[in-house]
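What follows is a set of notes on a single structure, which appears directly below.
Quick caveat: nothing in here was measured; it's all calculated off a predicted structure. Computed over heavy atoms, backbone and side chain alike; hydrogens, waters and symmetry mates excluded. When a residue number appears, it is its place in the shown sequence, counting from 1.
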Amino acid sequence: MARVCWPYFDPEYENLSTRINPPRVSVDNSSCSDCTLVKVDSVNKPGILLEVVQILTDLDLIITKAYISSDGGWFMDVFHVTDQQGKKLSDSKTIDYIEKALGPKGHITDVLKAWPGKRVGVHSVGDHTAIELIGRDRPGLLSEISAVLANLHFNVVAAEVWTHNRRIACVVYVNDNSTCQPVDDPNRLSTMEEQLKNILRGCEDDEKVGRTSFSMGFTHVDRRLHQMLFADRDYEGDGLANEVDHYPPCFQPKITIERCEEKGYSVVSVRCKDRAKLMFDIVCTLTDMQYVVFHATISSDGPYASQEYFIRHMDGCTLDTEGEKERVIKCIDAAIRRRVSEDLRLELCAKDRVGLLSEVTRILRENGLSVTRAGVTTIGEQAMNVFYVRDSSGNPVDIKTIEALRKEIGHTTMFNVKKVPTSSKAPETKGWGKTSFFFGNLLERFLA
């Protein structure tokens, strides 16, 4: 009997082009007087633009300008970046990290898997279990979710919560409160899932009202939240006219799609209020909708941002029908709005303990406040919590409520009001220093 011999395939073949032409990264502090230039030349591959932008935004860098070109087999881009204070990069650790993450010495995916605070997956923030929840938002929902976890003896290590168009999406990282290890008991997980589903479902019988799942992959947490809300079709809204719009008329996102006949691209133009991570949110949405960015120009003009993307679908087609264009415009508009919040920002720091999140969210709920966005993380023994809140009617928070919160929370927690709504006509409350928490600060502890 003839012996079948299969052809040999080198397992490193996929990386051959990268090894022959390794990425070239330059962090230039001399060419521009007011910003740092990050230049990346690399072999083109699917998703590379999102990966690069993801690294820069995870370091909490502000992208003021960018020029992207990836036509053909080569990817070339230049980013003008500053730190949160609008200054050029001076920290050598941050510069070294950028060069290592984007350069030939380390593959992007390998570096990202080691990134401590922005991944969804069982091993992404130490030993934990990641839970994803999505459902219909209502006042007090986050308090009910955290109460269930506390009652079942789960400790919340970190969490990210977004709300948009009356939908809520959150990724919660938990471990066992006695062992500080991931929870792998199927009975405990089943009980938790059932109770969370009941809360998300509320009084509704429709199974689609709320969903709970356990994440096993490695996905950037912000990207995962975009994916969850996109899959939930939050961009369609639910017909509620009283949804709070955080954009004044002059800053409303203006999105248009035209056709570039000469090169065969669809040109997506976006003009809106500038903010941190705006480019990431737009590129993330285009990537997850299976569009490829071939060229792009990003610029900031005072309070406005102008972004232009030359795209095609992965199958090579452009957006030719009005239905396709309308859907892309709606999805980009939703991606821009999901992260925006003009609500009152509360920053709390306390010694971590089981039930802390449940206690804080209960106090917020009892004071008539609704959480529109939240970020929770733990550094050592300290829990760092950020909440964006408004009253349950959707109005700005009254100064009397702020003072009541300070009295109730301040005796055990460092409490800072980052922004008081203008309608309250009160100075910034200074229960804690004028510092804000960024995930970039978390990175410093791992690079030290």
Item to check | Worked check of salt bridge (charged side-chain N to carboxylate O under 4.0 Å, His left out) between Arg166 and Asp234 | outcome: CA-CA 8 Å; Arg166 301 303 174 95; Asp234 72 316; over 6 Å; no
Checklist entry - Yes or no on side-chain hydrogen bond (donor to acceptor under 3.5 Å, both in side chains) for Thr361 and Ser146, after CA distance, side-chain angles and deciding distance? => result CA-CA 8 Å; Thr361 53; Ser146 54; 2.9 Å; yes
Item to check | Evaluation steps, ring-ring contact (aromatic ring centres under 6.0 Å, His included), between His220 and Phe280 | outcome: CA-CA 11 Å; His220 187 276; Phe280 171 86; 5.1 Å; yes
Checklist entry - Between Gln307 and Tyr309, is a side-chain hydrogen bond (donor to acceptor under 3.5 Å, both in side chains) present by the stated rule, with each step listed? => result CA-CA 7 Å; Gln307 305 193 6; Tyr309 299 90; 2.4 Å; yes
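The existence of a salt bridge linking Asp34 and Lys88 is excluded, since no basic side-chain nitrogen approaches an acidic carboxylate oxygen closer than 4.0 Å. For the pair Glu236 and Arg233, the salt-bridge criterion is met [side-chain N within less than 4.0 Å of a carboxylate O]. Salt bridge status for Arg167 with Asp232: present, with a side-chain N to carboxylate O gap under 4.0 Å. The pair Lys45-Glu51 meets the salt-bridge criterion, since a charged nitrogen lies less than 4.0 angstrom from a carboxylate oxygen. In this structure, Glu144 pairs ionically with Arg138, as a charged nitrogen and a carboxylate oxygen lie closer than 4.0 Å. Ion pairing between a basic and an acidic side chain is recognised when a charged N comes within 4.0 Å of a carboxylate O; Asp333 and Arg337 show such pairing. A salt bridge links Glu342 to Lys273: one of the charged nitrogens lies within less than 4.0 Å of a carboxylate oxygen.
In this structure the side chain of Ile62 reaches within 4.5 angstrom of the side chain of Gln84, judged on heavy atoms. Residues Lys65 and Val78 form no side-chain contact, since every pair of their non-hydrogen atoms from C-beta on lies 4.5 Å or further apart. Side-chain contact between Asn44 and Trp74 is absent, with no heavy-atom pair separated by less than 4.5 Å. Two residues are said to be in side-chain contact when any heavy atoms from C-beta on lie closer than 4.5 Å; Leu56 and Phe79 meet this criterion.
Distance check: Leu59 CG to Gln54 CD gives 11.0 Å after rounding to the nearest 0.5 Å. Rounded to the nearest 0.5 Å, atoms CG (Leu229) and SG (Cys331) are 11.5 Å apart. Atoms CG and CG, on Asn155 and Leu356 in that order, are 9.0 Å from each other to the nearest 0.5 Å. Atoms CE and CG, from Met228 and Leu225 in turn, are 6.0 Å apart once rounded to the nearest 0.5 Å. Taken to the nearest 0.5 Å, the SG atom of Cys170 stands 9.5 Å off from the CG atom of Asp137.
The nearest pair of heavy atoms linking Lys277 to Thr57 is CE-O, 3.7 Å. When every heavy atom of Asp343 is checked against every heavy atom of Val389, the shortest pair comes out as CB-O, 3.1 Å.
Applying the side chain to side chain contact (heavy atoms under 4.5 Å, CB included) rule to Thr318 yields the partners Arg259, Ser266, Arg312, Asp320; only residues at least two apart in sequence or on another chain are considered. Checked against side chain to side chain contact (heavy atoms under 4.5 Å, CB included), Gln227 has the following partners two or more places apart in sequence or in another chain: Thr219, Arg223, Arg224, Asp288. Not a single ring pair (Phe, Tyr, Trp, His ring centres under 6.0 Å) links Tyr388 to another residue, sequence neighbours left out.
Partner Val156 forms a side-chain contact (heavy atoms from CB on, under 4.5 Å) with one of Asp352, Val354, Leu149 and no other, that one being Leu149.
In this structure, the side chain of Thr36 engages the main chain of Leu89 through a donor-acceptor pair within 3.5 Å. A donor-acceptor contact shorter than 3.5 Å is absent between the side chain of Ser70 and the backbone of Phe75. Under the 3.5 Å distance criterion, the side-chain polar atoms of Thr64 are matched with a main-chain donor or acceptor of His80. Asn395 places no side-chain N or O within 3.5 Å of a backbone atom of Asp391 that could act as its donor or acceptor partner. Arg373 contributes no side-chain N or O that, together with a main-chain N or O of Val161, makes up a donor-acceptor pair within less than 3.5 Å. For Asn367 (side chain) and Leu369 (main-chain N/O), no donor-acceptor pair under 3.5 Å exists by modelled atom type.
Checked against the 6.0 Å centroid threshold, Phe230 and His164 do not count as a close aromatic pair. Aromatic rings from His295 and Tyr265 are positioned such that their centres are separated by under 6.0 Å.
Between His226 and Arg338, the side chains place a donor N or O and an acceptor N or O closer than 3.5 Å (distance only, hydrogens not considered). Defined by atom type and a distance below 3.5 Å, a donor-acceptor pair is missing between the side-chain atoms of Ser26 and Asp28.
In this structure, Arg271 satisfies the cation-pi test against Tyr304, with its NZ or CZ atom closer than 6.0 Å to the six-membered ring centre and inside 45 degrees of the ring normal.
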